[in-house]
Amino acid sequence: MNAALRPAYVRGAGGTSFGRHEGRSALDLMDAAAAQAIESAGLARHQIDGVLCGYATTLPHLMLSTLVCERLALRPRYAHGLQLGGASGAAMLMAARELVRSGRCRNVLVLGGENRLSGQSRDSSIQTLAQVGDADFEVPNGASVPAYYALMASEYMQRTGVTSADLAEFAVLMRANAVGHPDAHLRTPVTLQEVLASKPIASPLSLLDCCPISDGAMALVVSADPAAQGAVAMAGAGQAHRHQHLTAMEDVMQCGAGEAAQQAFGEARLGLGDVDYLGIYDSFTITLVMLLEEIGFAPRAGAAQRARAGDFAPTGPLPLNTHGGLLSFGHCGVAGGMAHTVEAWRQMTGQAGDRQLKPPRRAFIHADGGVMSSHVSLILSRED
């Protein structure tokens with residue numbers, strides 16, 4: 001078979017609960033997630049011949065992928081660390097796919113984890129997030145990630161007519177989904193009124209428009225061979241990178257998400273209507289709304305209308321983030337974004353427990369890093 005045409009499958013997945021893990025380091029959490037993923041893939045550790053590891057702000061090691069291999073007793077023929085903000089997990093999965101398709105590796109462990117909640121002070125976390133901004137034009141003004149997203153939200157809402165109540169619909173939906181997941185960070189149901197009345201963080205975003213900071217880890221195995229639970233192929237992938245900093249964003253209506261999605265759909269030879277599950281990055285409610293609308297799963301200012309109609313609910317035609325997303329399942333850096341793919345794989349292989357849907361046939365995954373800066377789209381396809 002032509003190496004360029006070799007298939008790549010998501011063969012296994014694992015993770016820890018998200019929330020506070022007092023006394024557990026980032027390496028402890030990643031070790032636990034990796035063990036689950038390798039076991040679910042039906043492999044032994046010596047069969048892992050590739051390792052891709054995301055960065056951890058609580059473990060800023062110059063050779064993190066090698067450190068992880070040492071800790072996990074892995075001896076791969078290929079190891080690499082990757083930093084792309086919130087898009088790191090999806091980018092690592094895309095890179096793992098290319099390693100398998102090329103024949104370089106057969107079983108690649110993709111791993112991320114961090115103890116951001118218990119291992120960092122509030123001030124340290126704020127300082128870390130502030131560095132996302134431009135050193136000359138943004139950081140000196142005292143802004144941090146929530147403020148950057150709030151500025152972006154203000155323009156998007158002004159241009160499209162999206163309201164705070166529209167954004168709140170997604171905070172309610174994500175919390176409702178998280179209630180049914182035993183590993184979710186936030187599991188108390190919230191109402192639309194509670195979201196709108198929550199503490200202002202950076203206008204127009206309130207506390208419940210923002211994801212929590214969590215501890216946790218996630219891992220997946222991308223393989224040349226399918227899992228015993230079902231063949232979930234990585235059918236398409238795409239990336240787009242149009243800017244790094246908010247002040248360099250040319251158009252809030254075209255951030256690059258649509259471009260990355262088009263590449264993924266083109267490679268998979270599928271369209272929007274072929275998808276029956278969504279795993280969309282949701283660091284803030286505005287993130288989710290903008291991505292759904294730019295990619296085309298809703299018209300401009302129409303995402304909330306679809307949410308109100310139940311289209312994105314677990315019982316709807318296009319279930320969205322059934323684990324609760326970053327907004328409620330939790331966010332611990334790289335692993336937060338990886339949780340979207342872990343949940344999609346579990347749903348597609350019938351391993352989602354009480355959350356189980358009719359197993360989706362095709363899932364669309366999208367992650368962004370920075371301030372809608374780096375975009376990675378993936379399409380997973382279940383082969384019967």
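Here the side chains of Leu167 and Met157 are in contact, with some heavy-atom distance below 4.5 Å. Side-chain contact between Phe18 and His331 is absent, with no heavy-atom pair separated by less than 4.5 Å. Here the side chains of Arg104 and Glu98 are not in contact, with every heavy-atom distance at 4.5 Å or above. No side-chain heavy atom of Phe364 sits under 4.5 Å from any side-chain heavy atom of Leu270. Residues Thr285 and Val195 fail the side-chain proximity criterion, which asks for heavy atoms closer than 4.5 Å. With contacts defined as side-chain heavy-atom distances shorter than 4.5 Å, the pair Arg159/Asp251 qualifies.
With rounding to the nearest 0.5 Å, the separation of CG in Asn321 from CG in Leu173 is 8.0 Å. Remark: His243 NE2 to Met372 CE distance equals 8.0 Å, nearest 0.5 Å. Atom CG in Leu291 sits 9.5 Å away from atom CD1 in Ile286 (nearest 0.5 Å). Note: Glu194 CD to Leu207 CG = 12.0 Å, rounded to the nearest 0.5 Å.
Shortest non-hydrogen contact noted between Ile365 and Ala344 is CD1-CB, 3.8 Å. Residues Cys69 and Ala79 share a closest heavy-atom pair of SG-CB, 4.4 Å. In plain terms, the two heavy atoms of Ala168 and Leu196 that are nearest each other are CB-CD2, 4.1 Å. Taking every heavy atom of both residues into account, Thr16 and Ala33 meet most closely at CG2-N, 4.3 Å. The two atoms that bring Tyr9 and Asp225 nearest to each other are CD1-C, 3.6 Å, heavy atoms only. Heavy-atom minimum distance, Ala231 versus Pro226: CB-CB, 3.5 Å.
Formation of a donor-acceptor pair under 3.5 Å by the Glu114 side chain with backbone atoms of Ala335 is not found in this model. The closest donor-acceptor contact from the side chain of His80 to the backbone of Met92 lies at 3.5 Å or more, if one exists at all. Side chain of Asp166 to main chain of Ala304: no donor-acceptor pair is present (N/O by atom type, distance under 3.5 Å, no hydrogens or angles). Of the possible donor and acceptor atoms, one in the side chain of Arg187 sits under 3.5 Å from a partner among the backbone N and O of His181. Listed for the Ser214 side chain is no donor-acceptor partner under 3.5 Å among the backbone atoms of Gly216. For the pair Asp215 (side chain) and Arg116 (backbone), a donor-acceptor distance under 3.5 Å is present.
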side-chain contact (heavy atoms from CB on, under 4.5 Å) between Arg175 and Leu186, intermediate numbers included: CA-CA 7 Å; Arg175 187 63 62 86; Leu186 303 176; 3.3 Å; yes

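The side chain to side chain donor-acceptor pair (under 3.5 Å) test applied to Glu267 returns Arg97, not counting sequence neighbours. Shown here are the side chain to side chain contact (heavy atoms under 4.5 Å, CB included) partners of Asp384, two or more places apart in sequence or in another chain: Arg361, Arg382. Scanning for ring pair (Phe, Tyr, Trp, His ring centres under 6.0 Å) contacts around Phe284 gives Tyr149, with sequence neighbours left out. The side chain to side chain contact (heavy atoms under 4.5 Å, CB included) check on Thr349 picks up Gln229, Val232, Trp345, Gln351, with sequence neighbours excluded. Residues forming a side chain to side chain contact (heavy atoms under 4.5 Å, CB included) with Asp311 (at least two apart in sequence, or on another chain): Arg306, Ala309, Pro317. Under the side chain to side chain donor-acceptor pair (under 3.5 Å) criterion, Ser144 pairs with no residue at all, not counting sequence neighbours. By the ring pair (Phe, Tyr, Trp, His ring centres under 6.0 Å) test, His323 is found to be paired with Phe329, His340, residues two or more places apart in sequence or in another chain being considered.
Residue Met253 qualifies as enclosed at atom CE: its count of foreign heavy atoms under 6.0 Å is above 12. Within a 6.0 Å radius of CZ in Arg71, other residues, nucleotides and ligands contribute more than 12 heavy atoms. The neighbour count for Gln254 CD, taken as heavy atoms of other residues, nucleotides or ligands under 6.0 Å away, is above 12. With a 6.0 Å radius and a threshold of 12 heavy atoms from other residues, nucleotides or ligands, Arg308 has its CZ atom above the threshold. Within a 6.0 Å sphere centred on CD of Gln47, heavy atoms belonging to other residues, nucleotides or ligands number more than 12. Residue Asn141 places its CG atom among more than 12 non-hydrogen atoms of other residues, nucleotides or ligands, all under 6.0 Å distant. No more than 12 heavy atoms of other residues, nucleotides or ligands sit less than 6.0 Å from atom CD of Gln305.
Here Leu357 is tied into one hydrophobic group with Tyr277, each link being a pair of ILVMFWY side chains closer than 4.5 Å. Membership of the apolar cluster around Ile38 extends to Leu27, Met30, Leu43, Ile48, Val51, Leu59, Leu64, Leu67, Val68, Leu72, Leu74, Leu109, Leu111, Val221, as traced through chained side-chain contacts below 4.5 Å between ILVMFWY residues. In this structure, Leu29 stands alone, with no Ile, Leu, Val, Met, Phe, Trp or Tyr side-chain heavy atom under 4.5 Å from its own, directly or through other members. Cluster partners of Val179: none. The rule joins Ile, Leu, Val, Met, Phe, Trp and Tyr whenever side-chain heavy atoms lie under 4.5 Å apart, and it links nothing here.
Comment: Arg45 engages Asp31 in a salt bridge, judged by a side-chain N to carboxylate O separation of less than 4.0 angstrom.
There is a path of hydrophobic side-chain contacts, each under 4.5 Å, that joins Leu318 to Ile295. Val371 and Ile213 are not part of a single hydrophobic cluster, where members link through side-chain heavy atoms under 4.5 Å apart.
Partner of Glu259 under the side-chain hydrogen bond (donor to acceptor under 3.5 Å, both in side chains) criterion, out of His375, Gln239, Arg242, His241: Arg242 alone.
Judged by distance alone, the side chains of Ser377 and Gln263 never bring a donor and an acceptor atom under 3.5 Å apart. If you check the side chains of His21 and Ser17, you find a donor sitting under 3.5 Å from an acceptor. Of the N and O atoms on the side chains of Arg20 and Ser118, not one donor lies less than 3.5 Å from an acceptor on the other residue.
The salt bridge (Lys or Arg N to Asp or Glu O under 4.0 Å) analysis of residues 275-287, with sequence neighbours excluded, yields no pairs.
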